[in-house]
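Remarks on the structure that follows.
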Amino acid sequence: MREKEMDLLVKEIEIPEIVQRKADIAFKRIQEEDWERRRIISYRKARNRKFAVIVAATAGIMAAVTACTAAYLHWSRGLEAELHVTEAQKRYLEDIKIAAPAGEDSGVTSGGVTVTPVQSIVDSRFAFLSFKIEGYDLEEGKEPCFENIGITVDGSADFSWSASFYNGLTTDEMGRAVCQDGTLVQDLPEGVFAEQYVAEDGTMEYDVLMMANVEEGMFIDAPVHVVFENLGIVHKAEFFPDLEGRWEFDINLSGSDKVRHVMSGNEIGDSGAVVNYADISPISLQVTYDFEAQPEEIEGVGEDGQPITSTLYKEPPVLTGVRLKDGTLLVGICNGGMTSWEDLEKGIYKETFATSRVIDTEKVDALLYLKPDGNGETMFAEENLYIVPVE
């Protein structure tokens with residue numbers, strides 16, 4: 001199995017929501033009875049085509065820090081780039097134990113390739129893990145992939161996760177995919193290879209994002225067992241093996257449940273959705289809404305070619321980021337997570353996302369939502385956002 005997705009809904013943010021939902025219905029029969037009440041979604045930003053993805057892959061490769069801060073951990077290249085983290089933010093996350101080493105001295109070699117745990121970033125809802133890969137000769141233009149991955153937390157697999165090799169891309173302040181030198185991927189000449197899986201030192205990095213679907217706090221101070229098997233490349237969702245190997249790890253996570261709880265009571269435009277409250281951690285957002293359930297009957301075609309009808313529910317505008325007290329807009333930062341009806345009859349709706357920016361929680365004064373008529377490069381412009389104050 002390539003990168004595991006547990007009942008994930010693939011979603012591209014450029015596509016209007018109702019169009020995407022209808023397409024999903026047309027090509028895939030809903031498997032779970034309560035699918036319309038709980039969906040896991042994500043946005044992968046670092047691709048050379050669209051602003052898309054499957055539950056959250058992020059992370060990186062080892063990056064050096066200044067000599068005067070040797071007491072702190074060496075951040076992975078991808079986590080540093082994906083989270084756009086400053087030196088001060090690194091120190092803060094390390095001091096409160098959200099960021100921690102993941103066992104740099106416990107590398108495993110198989111088939112001539114060494115895989116080493118590098119770093120973890122953990123709060124009460126999400127856990128990032130990054131691994132360094134040495135000794136694998138990847139042909140330029142190819143995408144590396146493990147054939148099989150297994151992950152358990154304290155013996156349990158009752159959580160969602162996704163993983164991929166870090167490809168050297170990140171996002172800018174407008175949520176657009178960029179190369180490490182800041183060049184917009186969309187501005188590259190046709191045929192130019194944008195994804196760079198191999199760092200200058202010849203290493204690669206594999207990154208895992210885990211999400212607690214039900215039991216918040218399950219990752220904090222928890223033991224994680226990770227197994228990778230066989231390495232090769234993937235093309236059009238097909239795995240092509242290159243070498244056999246098995247890399248197995250037991251990692252003790254750190255983490256922090258530190259959040260800022262804010263209240264609102266403000267409606268998102270004229271959508272009818274009212275932001276009740278939000279819990280903001282440095283690496284995630286969780287927002288609860290009062291929102292009357294509005295069912296929609298969607299016609300489609302099942303895998304067997306037969307017509308199907310499914311009931312979906314109208315959703316609030318798309319959460320995209322936060323505003324800071326100095327007026328700074330952090331947009332396009334929702335990096336993967338879950339939306340769910342906490343109580344369909346009472347109209348209680350919840351969204352939980354990891355973020356692609358480290359948030360100074362005390363500086364947040366508003367949540368940002370995409371207006372339905374915004375699109376393309378201007379969709380993150382202030383005039384295309386609903387700004388919902390919190391306090």
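Below, each value reflects all heavy atoms present in this structure, side chains not excepted, and no hydrogens, waters or symmetry copies. Nothing here was measured: the structure is a model prediction, and the numbers come from that model.
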Handout entry: Phe131 and Phe249 aromatic ring geometry - parallel, tilted or perpendicular at 30°/60° bounds
Key = tilted
Practice task
Classify the angle between the aromatic ring planes of Trp341 and Phe291 as parallel (below 30°), tilted (30 to 60°) or perpendicular (above 60°).
Solution key: parallel
Problem - Exercise: do Asn213 and Ser160 side chains pair donor with acceptor under 3.5 Å - result: yes
Problem - Partners meeting side chain to side chain contact (heavy atoms under 4.5 Å, CB included) with Val274 (sequence neighbours left out) - result: Glu267, Asp290
Completion exercise
Sequence neighbours excluded, the answer for side chain to side chain contact (heavy atoms under 4.5 Å, CB included) partners of Glu248 is His225, Val227, Arg246
Handout entry: Side chain proximity check, Leu93 to Val358, heavy atoms < 4.5 angstrom
Key = yes
Handout entry: Any residue meeting salt bridge (Lys or Arg N to Asp or Glu O under 4.0 Å) with Lys371, in chain and number order, not counting sequence neighbours
Key = none
Handout entry: Contact list for residues 214-223, test salt bridge (Lys or Arg N to Asp or Glu O under 4.0 Å), sequence neighbours left out
Key = Arg125-Glu216
Handout entry: Those residues that, when tested against Phe219, pass ring pair (Phe, Tyr, Trp, His ring centres under 6.0 Å) (two or more places apart)
Key = Phe159
Handout entry: Residue pairs, two or more places apart or on separate chains, that pass salt bridge (Lys or Arg N to Asp or Glu O under 4.0 Å) and touch residues 378-391
Key = none
Practice task
Report the residues that fulfil side chain to side chain contact (heavy atoms under 4.5 Å, CB included) with Asp326, sequence neighbours left out, ordered by chain and then residue number.
Solution key: Leu324, Thr328
Problem - Side-chain donor/acceptor of Ser130 to backbone N/O of Ser76, under 3.5 Å - result: no
Exercise for the section: Go through the side-chain N and O atoms of Glu351 and Tyr289 and say whether any donor and acceptor fall under 3.5 Å apart. Expected result: yes
Practice task
List in chain and number order the residues that pass ring pair (Phe, Tyr, Trp, His ring centres under 6.0 Å) with Tyr136, two or more places apart in sequence or in another chain; answer none if no residue qualifies.
Solution key: none
Handout entry: Side-chain touch Asp242/Ile233, heavy atoms, less than 4.5 angstrom
Key = no
Completion exercise
Taken to the nearest 0.5 Å, the spacing of Asn335 CG from Leu83 CG works out to 8.0 Å
Handout entry: From CA spacing to verdict: side chain to side chain contact (heavy atoms under 4.5 Å, CB included), Ile121, Ile98
Key = CA-CA 5 Å; Ile121 297 180; Ile98 282 184; 3.6 Å; yes
Exercise for the section: With sequence neighbours excluded, tell me which residues meet side chain to side chain donor-acceptor pair (under 3.5 Å) with Asp154. Expected result: none
Practice task
Please list, chain by chain and in numerical order, all residues satisfying side chain to side chain donor-acceptor pair (under 3.5 Å) with Asn266, sequence neighbours excluded.
Solution key: Ser264
Problem - All side chain to side chain donor-acceptor pair (under 3.5 Å) counterparts of Ser281, not counting sequence neighbours - result: Asp123, Ser284
Exercise for the section: Supply the atom-to-atom distance Asp207 CG to Leu129 CG, rounded to the nearest 0.5 angstrom. Expected result: 9.0 Å
Problem - Contacts of type side chain to side chain donor-acceptor pair (under 3.5 Å), residue His261, not counting sequence neighbours - result: Asp279
Problem - Stepwise side chain to side chain contact (heavy atoms under 4.5 Å, CB included) check, Trp161 with Val153 - result: CA-CA 11 Å; Trp161 61 267; Val153 176; over 6 Å; no
Handout entry: Pair Thr352, Gln286: side-chain N/O donor-acceptor within cut-off below 3.5 Å
Key = yes
